[in-house]
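Before any comments, here is the structure.
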Amino acid sequence: MKREKKWNLPSALQSRKGWSDFLELKRSSEPHLHQIEPTNACPYSCIMCPRDRFMTRPVGFMDFALYTKVIDEVTGFSSPVRKKEIELFHFGESLLHPEIAEMVAYGTGKGLNLVLSVNAPQLSPELAEKILAKNPVKLIISMDGYDAESYRKIRGNNADYNLAVENLEAFLKMMKSIGSRPRVIVRMIRLQLNTQEEDQFRSRWQDLGGDVEIRDFFPWNKKDLIPLGAVEKYPPHMPCPFPWQYLVVQWNGDVVPCCRDFNAVNRLGNVAGSTLKEVWNSSAYERFRESMSKGELEPSMCAECMEIYGSGQE
């Protein structure tokens, strides 16, 4: 289901070229590291995530030395870029990385704003205490379900709702005793399966001290997932903005231009032998932006994605 919206755009944004020029004008020479992936391992099979059914790249864990190389580079960026949030996740459960607490500590120790998004069953009180001690700026705890049955339907047979509730309640109690940092968000993805229970979900976790977020669903680049929820499209004529806005580093160092590229289809470099800035300003990245600005959407991943989110107007 597609969610339609009326747009009132200036004349400069009435063409694909106008949008591309605008996005290039706003692009920084230093990339925003939107996500860095500690691991793409995950025990769940969430119905709204393409990982379980469609991900074919190898499963692995980021080497700590590679992680510190990337973090060290970002530390040297200009203040507006350096202060942007870095999500310490991509297509896996980050808490499975054996050095996740050290990863958080290294980034926050450099003054960076790190964000974690985790599943509550993995957030044991012991691990939660370690993570909180490292001062991430934000911690997102995904729940989605409102009882054992809905939780399992949405997050798969391995999803233990009772353990999730136990860990989350313990975590929120722990937060009350230590103060305001980090911001804790209890998140529900709005789906056809749970939309009728939003109020129940919100009141339960707000009453326990959580900052509840009901986030709109998006089907990544998979049409098969569209029936799960409503889809909001881009404004008319607008190309995908991600190639101008940020990049993502996967566990093996591969750089991809968006959070939806779970199979590294658009691999634009690797930080093991290059810097983020070199990749961001490379000829390969420039060719990718050019193809997006012209609507020449190869490989097929981008064409499939824009069929979902694009307005269809050139």
Do Arg27 and Glu24 pass the salt bridge (charged side-chain N to carboxylate O under 4.0 Å, His left out) test, and can you show the C-alpha distance, the side-chain angles, and the key distance before you say yes or no?
CA-CA 5 Å; Arg27 185 177 74 88; Glu24 181 61 30; 3.2 Å; yes
Using a distance-only test with no angle check, is there a side-chain donor-acceptor pair under 3.5 angstrom linking [X] and [Y]?
| X | Y | result |
| --- | --- | --- |
| Glu85 | Asn113 | no |
| Asn157 | Arg152 | no |
| Tyr161 | Glu166 | no |
| Gln245 | His32 | no |
| Asp72 | Thr75 | no |

Identify whether [X] and [Y] are in the same connected component of the hydrophobic contact network (ILVMFWY, side-chain heavy atoms under 4.5 Å).
| X | Y | value |
| --- | --- | --- |
| Leu96 | Leu123 | no |
| Leu116 | Tyr44 | no |
| Val271 | Phe288 | yes |
| Leu168 | Leu163 | no |
| Ile214 | Tyr151 | yes |

Kindly check if the number of other-residue, nucleotide or ligand heavy atoms within 6.0 Å of NZ (Lys69) is above 12?
yes
Just checking Asp207: does its CG atom have more than 12 heavy atoms from other residues, nucleotides or ligands closer to it than 6.0 angstrom?
yes
Identify the heavy atoms of [X] and [Y] that sit nearest to each other, and give their distance.
| X | Y | result |
| --- | --- | --- |
| Ser150 | Tyr146 | OG-N, 2.9 Å |
| Ile308 | Pro219 | CG2-CG, 3.8 Å |
| Asn266 | Pro257 | O-CD, 3.2 Å |
| Cys259 | Val248 | N-CG2, 4.0 Å |
| Met103 | Leu114 | O-CD1, 3.9 Å |
| Ala120 | Ala164 | CB-O, 3.5 Å |

Quick check: does any side chain N or O of [X] sit under 3.5 Å from a backbone N or O of [Y], one acting as donor and the other as acceptor?
| X | Y | answer |
| --- | --- | --- |
| Asn263 | Val265 | no |
| Ser94 | Leu88 | yes |
| Asp160 | Pro121 | no |
| Glu278 | Thr275 | yes |
| Glu37 | Trp251 | yes |
| Asn281 | Lys277 | yes |
| Ser28 | Pro31 | no |
| Glu129 | Ser124 | no |
| His97 | Met62 | yes |
| Asp147 | Glu149 | yes |

Please assess Leu139 against Arg183 for the test side chain to side chain contact (heavy atoms under 4.5 Å, CB included), listing each intermediate value before the final yes or no.
CA-CA 6 Å; Leu139 189 61; Arg183 182 185 177 199; over 6 Å; no
For the atom pair [atom1] ([X]) and [atom2] ([Y]), what is the distance rounded to the nearest 0.5 Å?
| X | Y | atom1 | atom2 | value |
| --- | --- | --- | --- | --- |
| Trp19 | Leu23 | CH2 | CG | 6.5 Å |
| Leu112 | Leu33 | CG | CG | 9.0 Å |
| Phe77 | Lys84 | CZ | NZ | 11.0 Å |
| Ile47 | Leu191 | CD1 | CG | 5.5 Å |

My understanding is that only residues two or more places apart in sequence, or in another chain, count here; which of them pass side-chain contact (heavy atoms from CB on, under 4.5 Å) with Cys305?
Asn221, Arg260, Tyr309
Please enumerate all residues that pass side-chain contact (heavy atoms from CB on, under 4.5 Å) together with Ser78, with sequence neighbours excluded.
Glu30, Pro80, Val81
Do the side chains of [Y] and [X] get nearer than 4.5 Å, heavy atoms only?
| X | Y | result |
| --- | --- | --- |
| Val184 | Asp211 | no |
| Cys49 | Phe262 | no |
| Lys294 | Lys17 | no |
| Ile86 | His34 | no |
| Glu213 | Met188 | no |
| Ser142 | Val118 | no |
| Val70 | Ile36 | yes |
| Leu13 | His237 | no |

Residues Lys130 and Glu126 bridged, charged N to O under 4.0 Å
no
Determine whether Glu290 and Tyr285 satisfy the following criterion, side chain to side chain donor-acceptor pair (under 3.5 Å), listing intermediate values before the conclusion.
CA-CA 9 Å; Glu290 183 70 15; Tyr285 228 121; over 6 Å; no
Supply the members, apart from Val137, of the Ile/Leu/Val/Met/Phe/Trp/Tyr cluster built from side-chain contacts under 4.5 Å; use none for a lone residue.
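Besides Val137, the cluster holds Phe89, Val115, Ile140, Ile185.
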Please determine whether side chain to side chain contact (heavy atoms under 4.5 Å, CB included) holds for the pair Asp254 and Val249, giving the CA-CA distance in whole Å, both sets of side-chain angles, and the decisive distance to 0.1 Å.
CA-CA 6 Å; Asp254 282 348; Val249 177; over 6 Å; no
Describe, in one word, how the ring planes of Phe91 and Trp220 are oriented to each other, choosing from parallel (under 30°), tilted (30 to 60°) and perpendicular (over 60°).
tilted
In terms of the angle between their ring planes, are Tyr246 and Phe242 parallel, tilted or perpendicular, with boundaries placed at 30° and 60°?
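Tilted, since the angle between the ring planes falls between 30° and 60°.
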Relative to Trp280, does Arg289 satisfy both conditions: NZ or CZ under 6.0 angstrom from the six-membered ring centre, and within 45 degrees of the ring's axis?
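Ring-cation test returns yes.
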When you look at Arg204 and Glu169, which way does the salt bridge (charged side-chain N to carboxylate O under 4.0 Å, His left out) test go after all the steps?
CA-CA 11 Å; Arg204 174 175 188 174; Glu169 288 180 346; 3.5 Å; yes
Report the C-alpha distance between Phe54 and Lys222 in whole Å, list the side-chain angles of each, state the deciding distance to 0.1 Å, and finish with yes or no for side chain to side chain contact (heavy atoms under 4.5 Å, CB included).
CA-CA 9 Å; Phe54 301 109; Lys222 289 298 179 183; 3.7 Å; yes
Taking salt bridge (Lys or Arg N to Asp or Glu O under 4.0 Å) as the criterion, tell me which of Arg187, Arg190, Arg215 meets it with Glu198.
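Answer after filtering Arg187, Arg190, Arg215: Arg190.
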Residue pair Cys258, Met301: steps toward the side chain to side chain contact (heavy atoms under 4.5 Å, CB included) verdict:
CA-CA 11 Å; Cys258 82; Met301 184 201 117; 3.9 Å; yes
